[in-house]
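Residue numbers start from 1 in every chain, and the chains themselves are labelled A, B, ... in the order their sequence lines are given, proteins ahead of strands.
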2 protein chains.
Amino acid sequence: MTTPKTREDVVRAAGRLFAERGYHGTSMRDLGQELGILGSSLYSHIDGKDQLLVEVIRRGAAMFQGLADEVMASPGTAAERMRALVEGHVRIITEHVDEAATFLNELRFLPVEDRAGLIALRDGYQRAFRRLIEEGVEAGEFRPIEDPAMTSTFVLSVLNALVRWYRPAGPAEPDEIASRMYEFVMEGLT
Amino acid sequence: MTTPKTREDVVRAAGRLFAERGYHGTSMRDLGQELGILGSSLYSHIDGKDQLLVEVIRRGAAMFQGLADEVMASPGTAAERMRALVEGHVRIITEHVDEAATFLNELRFLPVEDRAGLIALRDGYQRAFRRLIEEGVEAGEFRPIEDPAMTSTFVLSVLNALVRWYRPAGPAEPDEIASRMYEFVMEGLT
DNA sequence: CTGTCACCAACGACCGTTCGTTCGTGTCGC
DNA sequence: GCGACACGAACGAACGGTCGTTGGTGACAG
């Protein structure tokens, strides 16, 4: 009757449920129900639950890493590239909330053999922000900042928190969110 | 031999494990082991696992609400009170990471009958930030801000993310963190 | 006819929780 | 001062249920 489910369907549904209920809050039977099949039927497509978590998180990590690579390789002032990072980050989250949320929230539940590598990716992404801030300070575009590492954490805090409150049905348009975020990150409250 | 555990011990250990492994990632036997007793022995002190979650989160919520009440009732410019909020928030998190992290991360796993009330507390706390921002704009202390609600989300994003990276053993002192955060929230990067 | 995909029943492990019991400690009547 | 007794805290076995996972079987599409 209904067309059979693909491995792709399974991974996408897993992202959705992991984001919504957390990895440990999602059972294979839950996941099956989401797809209209039994939990045991999932094993026609995948090898195990933890593999699903790895795959979903890998996708999240890849998107952010791709953005950082692209922006950091492009020309432009620090401010321009910061704007590109903010816009790209917001676009990734608004278009792929589930993978992004799982990447940001469930990293600690990865099997040990995958954890370190993916955490390194996340740290690499943050390092792009730090380097950009340092460049901006050196170029005199930004104010003198004593602790660029901590400051990059602040910037990323604002960006990452979007997965916690963004709802596609919500009143705010992605472009507007990106603009306001960039504004806030650059100027603060004053 | 060893002194018996109190209900207080149990709640504290629960906060620690819920923060570290998440609610669904923590079993009663895990929790017992953390205290050096059996999982079943916990029921001499408590009625059920979900009660523990409620209690830990209640403590987290109470601390933040207390801070907001205190600061908002005090005199001072918007900037002064913003500094007080930031400092208080950082102090709460650095001194009670576990309750704070559980409050911020595990709200969605609360039993339905407790969820709405505690979410309302969280929203009330955020509303304090929004009101303060509005006051600051009206008084001309802050720049004109078109969307104070979203901006309050940004500020709180920076503050709340602290539970994700603060480690007591880390290099950064709480005072220094609070100063840098206030600086960033007020001035941004430029 | 072959391979894919789902079903179904079942596995052992673990889940939250209950129960009967034990052991030590402190209280109180005598 | 001493025995009886209630109590808090923990044990250990067991409960029904759910977990992730396996293997066998059949339906149905290419």
Please report whether the ring centroid of A/His89 lies less than 6.0 Å from that of A/Tyr125.
yes
Tell me: NZ of B/Lys5 to P of D/dC11, nearest whole Å?
9 Å
Is the distance from OP1 or OP2 of D/dT21 to the nearest side-chain N or O of A/Ser40 less than 4.0 Å?
no
Output the rounded distance in Å from CZ (B/Arg29) to P (D/dA10).
17 Å
Calculate the interatomic distance between A/Ile46 atom CD1 and C/dA6 atom P; express it in whole Å.
12 Å
For D/dA10, does either OP1 or OP2 sit under 4.0 Å from a side-chain N or O belonging to B/His45?
yes
Heavy atoms under 4.0 Å, any strand shown: does A/Thr6 hit a base, just sugar-phosphate, or nothing?
nothing
Is the B/Trp165 ring parallel, tilted or perpendicular to the A/Phe154 ring (thresholds 30°, 60°)?
tilted
For B/Ser44, report the nucleic acid contact type (base, sugar-phosphate, nothing); a contact means any heavy atom under 4.0 Å.
base
Whole angstrom value for the distance that separates C1' of C/dC5 from CG of A/Leu35
13 Å
Return the value, rounded to whole Å, for the distance between atom CG of A/Asp47 and atom P of D/dG23.
13 Å
Criterion salt bridge (charged side-chain N to carboxylate O under 4.0 Å, His left out) against A/Glu34, the qualifying member of A/Arg29, A/Lys5, A/Arg16:
A/Arg16
Take B/Leu38 and A/Tyr23, find for each the nucleotide of DNA chain D with the closest heavy atom, and name the residue whose nucleotide sits nearer the 5' end.
B/Leu38
So how far is it from A/Leu118 CG to A/Phe103 CZ, rounded to the nearest 0.5 Å?
7.0 Å
Quickly work out the A/Tyr43 OH to D/dT21 P distance and round it to whole Å.
3 Å
How close or far is atom P of D/dA10 from atom CG of B/Leu42, stated in whole angstroms?
9 Å
Assign A/Ile37 to base, sugar-phosphate, or nothing according to its heavy-atom contacts below 4.0 angstrom with the strands shown.
sugar-phosphate
Closest to side chain of B/Ser41, choosing from D/dG20, C/dT17, D/dC11:
D/dC11
Quick note, B/Pro4 side chain, CB onward, closest among D/dA9, C/dG16, C/dC5 is D/dA9
Any sub-3.5 Å donor-acceptor pair from A/Arg122's side-chain atoms to A/Ala61's backbone N or O?
no
Figure out the CG/P separation between B/Leu52 and C/dC15, and round it to whole Å.
16 Å
